[in-house]
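Everything below concerns the one structure shown next.
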There are 2 protein chains.
Amino acid sequence: MSKATIYDVARVANVSIKTVSRVLNGEPKASPETRARVMEAVRSLNYTPSLSARALSGSRSFLIALVSSGGVSDNAMLYVTELQMGAIQACRAGGYHLLTEYIDGGATDFGALVETLVSTLRVDGVILIPPLCDDPKLLALLAERGATCVRVSPTLDGTADQNWGWGIDIDNYQAAFQMTRHLMDQGHRDIGFIQGHPKHAAAAQREAGYRDALFDGGPIPERLIQPGLFTFNSALPAARALLEQKRRPTAIFAANDSMAMAVLSVAYKMGIPVPGALSVAGIDDLPAASVVCPPLTTVRQPIMEMGAAAARFIINRTAGQVGNYLKQVFDHSLVVRESTSPPAEPAAHAAFSLAATPDFR
Amino acid sequence: MSKATIYDVARVANVSIKTVSRVLNGEPKASPETRARVMEAVRSLNYTPSLSARALSGSRSFLIALVSSGGVSDNAMLYVTELQMGAIQACRAGGYHLLTEYIDGGATDFGALVETLVSTLRVDGVILIPPLCDDPKLLALLAERGATCVRVSPTLDGTADQNWGWGIDIDNYQAAFQMTRHLMDQGHRDIGFIQGHPKHAAAAQREAGYRDALFDGGPIPERLIQPGLFTFNSALPAARALLEQKRRPTAIFAANDSMAMAVLSVAYKMGIPVPGALSVAGIDDLPAASVVCPPLTTVRQPIMEMGAAAARFIINRTAGQVGNYLKQVFDHSLVVRESTSPPAEPAAHAAFSLAATPDFR
DNA sequence: GGATGCGGGGACAGCGCTGTCATTCAGTCC
DNA sequence: GGACTGAATGACAGCGCTGTCCCCGCATCC
């Protein structure tokens, strides 16, 4: 009970340790009877193989690292948490384990990180999340050491994706496009937008979706578009800038939920009723999104699924199955809650609205 | 560059591998010059020891597991995330690594979990968070296998703390007591309370703090106390029950922030202005607490610190230093934001309020 | 002078697995 | 019939470290 080894199992099953190893690793050469005998011994001894020994002698470590750039205890961290949960689930299913590493916001000592990951831990793969997943230095180092990596919501769009790892994402363009259309369907035309972090590709894609949905390539009133960094605080000034205009937008679409919450907060302080006088929408469907007042209309990404897929990819790849895609795109879905509604004075801004709703394309 | 081993270092430094090992592990027997020579070789080769090899041959694995019972993607998960960040920081400082394991909400197959932790991973310690840290079965299994464990915010109060591991907490009683007094200082007497999860000791302690502060052992109008489970959803009915009373409380103190947010949400839907007609307070200072409208008055716990302390304890303990305390209590602090203010009609409820503010004790 | 102690350092045997290669025993083929 | 094939299994050598034991040389002590 204390600590059974493979030797104990071999003795009990009356086979060699190599055969035990084969059975445990699902290798082909083993007769059904032998297999059964070994499994029985394993069960009776309550045997669990040692990860260290397996890692030391074999080529797999059964370890996956999730690297994020922590530091800011922002609400958006829940994104990481959920991704992590998905990854852990997939790990457990595959006999793997998840290591979590943070790298300090400003720190760029990627060398040490990579060395630790590759040399010390010998992880079988690394899951990178924004903005780390778009750092060329980190990616280069990782690639140089031959690390398998999966990038969640990466910047590069397949084309230039020079074996910097596999990507996982949703269609940010479509998500933003659809949300914008949702607002337009409700009658909004004066829709403000708060941009995401300029270094993060999802930000650009979301903005493009918004622009195309609203203006369809036409002229763009820049006053409607304000800069943000995906964080709550970064969106406060943007929201103010939008809401203090004489002709205030009837809706604000923030590039993510954290920033949408900032809009809610500013509106609250300015005494602007939501959704009465202002509709607000975001993207991400953070757990907090359904908890704020009013609950936020947003776009849900299957974050847990994505985390699980990332881990599974690494597991399969290490096991020899090579996926030949560069990127997997997950479905998103509109979650309409109470923060959006038709604008108060439907035709008041008619002069500004477009003649007709452009077609989807 | 590719993968230096201890042999390479030994060769370059012109010493035996054992000496390299000694230097790297800070063992005493090594002259300063030798030490310097070895370190130089390590640097020049960019050497990093293999964790697996160390774990396999030595008695430490340099791994710490953080076990939480995931599943619900509640806002309160940020608590876990922050704890994790603290733990990771401490790990990095000590050359350790943090593994995160979730156990499904309902699952009680602790046997397999413990086996994995102890046998497969051979972690040097386990950090347990509520409600897992209070599960007797899990604790017994862990103790049986001799695992070092640190329980965050555990139930047992030192006394009965039968070597079930070290504990980390804040003084929940005082935190609740002080928050209640804060509300009373503002003039509130009719203060509702939403209880935490009955299986979690912090819940009981917080309730005791509230009761003692408000009633000082006197009669307790039970209508003021409603059950909750620490989750947002669980507090919705409680908040409704409190706010639909003819004589509505002028303040509601929820046993944690998630539930306080539920109060905010219900008040919003009922059209009760906060803090105008109702003050709301919580405990935890979740990141979301400062983001909701209005920002929540709450009690901050140094969660990251606590996570770091937990990891450090395990690291030190494994290194031989035995801490002889059973529990470490961290300081908390009141964070007064905008969700609390003096009640609208100061003396309206005088008939119900206590004659005088009882003394602190 | 021999016993003793101690700082400094090496030899060596594993830790518990997996990879590689060898071996055995049926069947198969011409 | 003898060489050949392939499935099932075992022998054995590490993987890269740490723990244990041992050795050397020098100072100390009666």
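Letters A, B, ... mirror the listed sequences (proteins, then strands); counts begin at 1. Please read all numbers here as calculations on a predicted model, not as lab measurements.
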Which donor-acceptor pairs under 3.5 Å do side chains of residues 58-67 of chain A form with protein atoms, sequence neighbours excluded?
residue: A:Ser61; atom: OG; partner: A:Leu63; partner atom: N; Å: 3.3
residue: A:Ser61; atom: OG; partner: A:Arg122; partner atom: O; Å: 2.7
residue: A:Ser61; atom: OG; partner: A:Asp124; partner atom: N; Å: 3.4
residue: A:Ser61; atom: OG; partner: A:Asp124; partner atom: OD1; Å: 3.4

Phosphate OP1/OP2 of C:dG8 contacted by B:Thr19 side-chain N/O (<4.0 Å): no

For DNA chain C, whose closest nucleotide is more 5', that of B:Pro28 or that of A:Ser21? B:Pro28

How many whole angstroms separate atom CG of A:Asn25 from atom P of C:dT20? 13 Å

Can you sort out the partners of A:Ser57 under side-chain contact (heavy atoms from CB on, under 4.5 Å), two or more places apart, ordered by chain and number? none

May I ask you to say what B:Pro49 touches in the nucleic acid, namely base, sugar-phosphate or nothing, with a heavy-atom cut-off under 4.0 Å? sugar-phosphate

Taking the basic N atoms (NZ, or NE/NH1/NH2) and the acidic carboxylate oxygens, is any pair closer than 4.0 Å for A:Arg151 and A:Asp134? yes

Which is the 5'-most and which the 3'-most nucleotide of DNA chain D that has an atom under 4.0 Å from a heavy atom of chain A? D:dA8 to D:dG16

Reckon B:Ala30 touches a base, only the sugar-phosphate, or nothing at all at heavy-atom distances under 4.0 Å? sugar-phosphate

Heavy-atom nearest nucleotide on DNA chain D taken for A:Val20 and for B:Arg60; more 5' hit belongs to A:Val20

I need the CD-C1' distance between B:Glu27 and C:dC6, as an integer number of Å. 17 Å

Go through the steps to decide whether B:Arg145 and B:Glu115 satisfy the test salt bridge (Lys or Arg N to Asp or Glu O under 4.0 Å), and finish with yes or no. CA-CA 9 Å; B:Arg145 302 313 288 309; B:Glu115 211 57 38; 3.2 Å; yes

In chain order, what residues pass the side-chain hydrogen bond (donor to acceptor under 3.5 Å, both in side chains) check against A:Thr116, with sequence neighbours excluded? none

Any residue meeting side-chain contact (heavy atoms from CB on, under 4.5 Å) with A:Ala13, in chain and number order, not counting sequence neighbours: A:Val15, A:Arg37, A:Val38, A:Ala41

Relative to the 5' end of DNA chain C, which residue comes earlier, B:Pro32 or A:Ser50, by the nucleotide with the nearest heavy atom? B:Pro32

Checking the side chain of A:Arg312 only, and the main-chain atoms of A:Ala90 only, is there a donor and an acceptor separated by less than 3.5 Å? no

Five-pair end axes of the helix from C:dG1-D:dC30 to C:dC30-D:dG1 and the angle they enclose, rounded to 10°: 50°

Taking NZ from B:Lys18 and P from C:dC12, how many angstroms apart are they, rounded to a whole number? 15 Å

Answer with base, sugar-phosphate or nothing: what part of the nucleic acid does A:Ser52 contact at a heavy-atom distance below 4.0 Å? nothing

Worked check of side chain to side chain contact (heavy atoms under 4.5 Å, CB included) between B:Met304 and B:Leu83: CA-CA 5 Å; B:Met304 269 185 36; B:Leu83 205 84; over 6 Å; no

Could you tell me whether a side-chain N or O of B:Asn25 sits under 3.5 Å from a main-chain N or O of B:Ser21, the two making a donor and an acceptor? yes

